[in-house]
Protein chains: 2
Amino acid sequence: MTPTPPRPRRSRSAAAAPPTADAPALPAGKATINDIARLSGVSKKTVSRVINNSPLVHPETREKVLALMKQLGYTPDPQARGLAFRRSFLIGLVYDNPTAQYIVNMQYGALDALRDSGYELVVHPCDSTREDYIDGVRRFVLQQKLHGVILIPRVSEDEQLAAALREIGCRYVRVASIPLDAAPNMLVTRDRLASTEAANYLESLGHRTIGLITGPRRYRSAIERGEGFLAGLAARGIELAPDYVYEGGYTFDSGVAGAEFLLAKSPRPTAIFACNDEMAAGVYKAAMRRGLGIPGDLSVVGYDDSPLASQLWPALTTIHSPTRDVGREAARMLLDDHAPALEQPRDVTPHLVVRDSSQRPKG
Amino acid sequence: MTPTPPRPRRSRSAAAAPPTADAPALPAGKATINDIARLSGVSKKTVSRVINNSPLVHPETREKVLALMKQLGYTPDPQARGLAFRRSFLIGLVYDNPTAQYIVNMQYGALDALRDSGYELVVHPCDSTREDYIDGVRRFVLQQKLHGVILIPRVSEDEQLAAALREIGCRYVRVASIPLDAAPNMLVTRDRLASTEAANYLESLGHRTIGLITGPRRYRSAIERGEGFLAGLAARGIELAPDYVYEGGYTFDSGVAGAEFLLAKSPRPTAIFACNDEMAAGVYKAAMRRGLGIPGDLSVVGYDDSPLASQLWPALTTIHSPTRDVGREAARMLLDDHAPALEQPRDVTPHLVVRDSSQRPKG
DNA sequence: CTGAAAGCGCTTACAG
DNA sequence: CTGAAAGCGCTTACAG
């Protein structure tokens with residue numbers, strides 16, 4: 001489908017300032033490179049050099065041009081620049097179906113980095129279970145000639161998508177819980193370490209009988225979080241029996257089911273680590289239905305620090321990931337020309353936030 | 001700040017197909033209007049007419065051109081079109097600080113309408129408490145030459161912003177709980193009616209002593225929701241005493257405070273209507289701390305049907321607004337050329353979703 | 001350090 | 001119904 005041409009609803013309101021004898025005419029509408037060139041007495045090529053921070057401009061010339069640009073409120077037209085550069089000043093954010101808060105925080109972060117940069121953020125949710133979703137992303141990138149894209153879980157874990165982007169020469173940054181790509185294209189959230197911290201915390205409280213509700217194995221984060229937790233316990237001499245581990249689906253209902261399963265065990269766990277907050281909320285429901293108090297009878301730890309976490313009662317102990325910082329950093333990497341020199345992938349480590357859903361076990 | 005020019009990371013991989021004697025050469029990279037014109041033996045102006053659905057093209061010519069475009073996978077370059085049209089194929093979503101789920105649903109809805117339209121969605125959060133936020137929106141619109149913008153509460157309620165957009169000739173659609181503008185620029189969510197439904201529901205259950213926690217008065221939605229609820233009760237003969245109404249701030253903590261205030265009254269309310277789910281979650285906390293059971297001792301009704309609502313325990317009775325539909329409709333109105341003919345503003349009415357937090361009062 | 005010419009891929013204004 | 005010319009606001013490639 002081709003979009004129909006925009007239909008203006010009103011005519012331009014700005015009228016041209018009348019030219020005077022001793023000063024060159026000011027531009028009527030928005031100033032262009034030609035106006036700047038003419039009024040500052042240089043060629044448009046020189047103005048272009050100033051725009052693009054070329055060193056090949058005499059400092060005085062540069063100052064003069066910059067002053068005029070500022071005076072006229074001139075900003076170069078991104079469409080014209082894009083046409084000439086064969087590339088746009090748009091960054092794409094591609095994602096599958098994470099939680100709303102995660103998406104929004106990522107957007108805020110990316111926009112932090114893009115502010116006043118002349119770049120804008122274009123969002124592209126997609127359904128990675130569809131065969132043709134990569135085609136959809138490819139068309140999006142090609143059609144808009146995107147400067148680059150940010151990929152967040154789960155699409156960030158898809159090697160075929162990354163390969164398709166490389167093939168069309170589109171730069172990208174993948175946010176994932178392990179390094180899946182060359183350093184300049186990677187931003188690692190160390191979920192494994194954070195989950196180990198949760199394990200250490202529960203062990204240090206005195207918990208010995210512990211349940212784990214993991215995410216679905218097809219998410220790399222689920223594996224990292226689960227393994228990190230188990231490794232943390234193991235390092236402190238606690239081996240979790242396999243039937244104290246339940247594979248959930250990162251959904252509320254699977255959290256309920258997981259807790260029903262675990263709380264029926266004997267001995268009953270005194271603590272449950274749920275690999276996201278939604279499932280932790282499900283644990284609350286199951287525990288309360290059984291008349292178990294939190295944290296009196298059961299300690300619960302979640303992961304994500306979603307808005308939910310602080311609005312449950314009791315407030316949920318959980319792991320906070322600096323998603324906005326991650327989004328900011330990802331966008332920076334896309335804009336930064338020095339990033340490709342990176343040797344080690346950048347990373348961030350989420351950390352535990354202790355609230356009211358966890359305490360020493362009774363007895 | 002001027003963005004530095006994009007730096008390509010790799011060279012083009014596509015090689016030109018070798019021209020043969022009996023067929024014109026196929027374009028090397030992405031096909032352009034010139035390729036289509038040359039290969040189909042018409043002028044580029046005619047191809048342009050086909051692109052823009054001009055009726056002034058012979059049907060046969062149109063078919064021939066369309067077939068070739070399809071064969072070569074040609075899509076017009078939005079930047080080039082934009083430069084010539086002096087307008088981009090971008091839609092802006094401008095918002096202040098609503099909940100994450102609301103933003104994301106609105107984005108999904110808008111993207112539903114933009115899919116395969118050639119338009120893309122650019123997001124623009126802003127801080128409407130800052131003096132210069134309107135300037136920021138203006139620059140955003142002007143710089144990107146946006147086709148139009150969608151405004152959602154609370155920025156949609158700002159007359160100065162709307163005036164600024166009219167002044168620069170930018171089309172917009174305002175999503176708000178009352179008609180604030182001409183019909184083609186308005187999409188009304190009838191929060192008042194939905195809140196009246198909540199009042200009817202509680203009255204029909206038998207509640208007579210009822211508490212109300214409103215949102216902050218500076219939000220039009222807060223006024224509509226609060227007044228709609230009070231009007232609904234009044235229509236059924238229940239006059240709420242002023243001290244059974246608490247003005248909250250749409251935040252969890254204000255919900256807690258409001259509930260503390262209302263639950264200390266005598267007689268104690270048997271039901272509380274909180275004007276958003278976050279505050280309703282706060283009511284849960286306050287009730288549970290006092291040892292009051294929900295819904296046994298207290299019925300609670302929220303507003304928004306956020307993810308939180310179904311993840312609380314017990315699941316929250318609340319009002320569901322079809323936000324995704326609203327986003328879709330708003331984007332459609334922006335793309336649709338017939339919309340300006342609208343006499344009455346379009347509207348949607350949210351509806352009550354009964355879950356487990358409400359029942360007949362005891363005794 | 002600076003500039004005149006040609007071009008990016010489209011459209012408008014005009015002519016037929 | 002169709003097209004040749006000029007232009008949108010920038011940049012690249014070349015020359016000095």
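Every value quoted in this text rests on a predicted model; they were computed, and no experiment measured them. Letters A, B, ... mirror the listed sequences (proteins, then strands); counts begin at 1. Worth knowing before you read on, the calculation uses all heavy atoms, side chains too, and leaves out hydrogens, waters and symmetry mates.
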For A:Tyr74, ring-ring contact (aromatic ring centres under 6.0 Å, His included) partners two or more places apart: none
I'd like to check the ring-ring contact (aromatic ring centres under 6.0 Å, His included) partners of A:Phe140; sequence neighbours left out, ordered by chain and number. A:His124
Decide side-chain hydrogen bond (donor to acceptor under 3.5 Å, both in side chains) for B:Thr75 and B:Lys30; before the verdict, give the C-alpha distance in whole Å, the side-chain angles of both, and the deciding distance to 0.1 Å. CA-CA 9 Å; B:Thr75 50; B:Lys30 202 170 172 282; 3.2 Å; yes
Residue pair [X] / [Y], side-chain heavy-atom distance below 4.5 Å:
X	Y	value
A:Arg81	A:Phe89	yes
B:Val155	B:Cys126	yes
B:Ile168	B:Val141	yes
B:Phe85	B:Asn52	yes

How close or far is atom [atom2] of [N] from atom [atom1] of [X], stated in whole angstroms?
X	N	atom1	atom2	answer
A:Leu56	D:dC14	CG	P	16 Å
A:Asp77	C:dG9	CG	C1'	14 Å
A:Lys64	C:dC1	NZ	C1'	13 Å
B:Arg62	D:dC1	CZ	C1'	11 Å
A:Ile51	D:dG9	CD1	P	13 Å
B:Leu83	C:dT11	CG	P	11 Å
B:Ile33	C:dT11	CD1	P	5 Å
B:Phe85	C:dT11	CZ	P	5 Å

Any [X] side-chain nitrogen or oxygen under 4.0 Å from OP1 or OP2 of [N]:
X	N	answer
A:Thr61	C:dT2	yes
A:Asn52	D:dT11	yes
B:Ser48	C:dT11	yes

Among the nucleotides [options], which one has an atom lying closest to any side-chain atom of [X]?
X	options	value
A:His58	D:dC10, C:dC10, C:dC1	C:dC1
A:Ala80	D:dC10, D:dT11, D:dC1	D:dC10
A:Pro59	C:dC1, C:dT11, D:dC10	C:dC1
B:Val57	D:dT2, D:dG9, C:dC10	D:dT2

Using nucleotides 3-7 of chain C, report all nitrogen or oxygen pairs with the protein that are shorter than 3.5 Å.
residue	atom	partner	partner atom	Å
C:dG3	OP2	A:Ser43	N	3.0
C:dG3	OP2	A:Ser43	OG	3.2
C:dG3	OP2	A:Thr46	OG1	2.7
C:dG3	N7	A:Arg49	NH1	3.3
C:dG3	O6	A:Arg49	NH2	2.7

Could you say whether B:Pro55 or B:Lys145 is positioned toward the 5' end of DNA chain D, judged by the nucleotide with the nearest heavy atom to each? B:Pro55
Who pairs with A:Asp181 by salt bridge (Lys or Arg N to Asp or Glu O under 4.0 Å), at least two apart in sequence or on another chain? A:Arg166, A:Arg174
I'd like to check the salt bridge (Lys or Arg N to Asp or Glu O under 4.0 Å) partners of A:Arg154; sequence neighbours left out, ordered by chain and number. none
Identify whether any heavy atom of A:Pro78 sits under 4.0 Å from a base atom; if not, whether one sits that close to sugar-phosphate; answer base, sugar-phosphate or nothing. nothing
Regarding A:Ser88 and A:Gln144, do their side chains bring together a donor and an acceptor under 3.5 Å, going by distance alone? no
Could you run through DNA chain D and flag its stems, i.e. three or more consecutive Watson-Crick or G-U pairs with both distances under 3.5 Å? C:1-3 with D:14-16, C:5-12 with D:5-12, C:14-16 with D:1-3
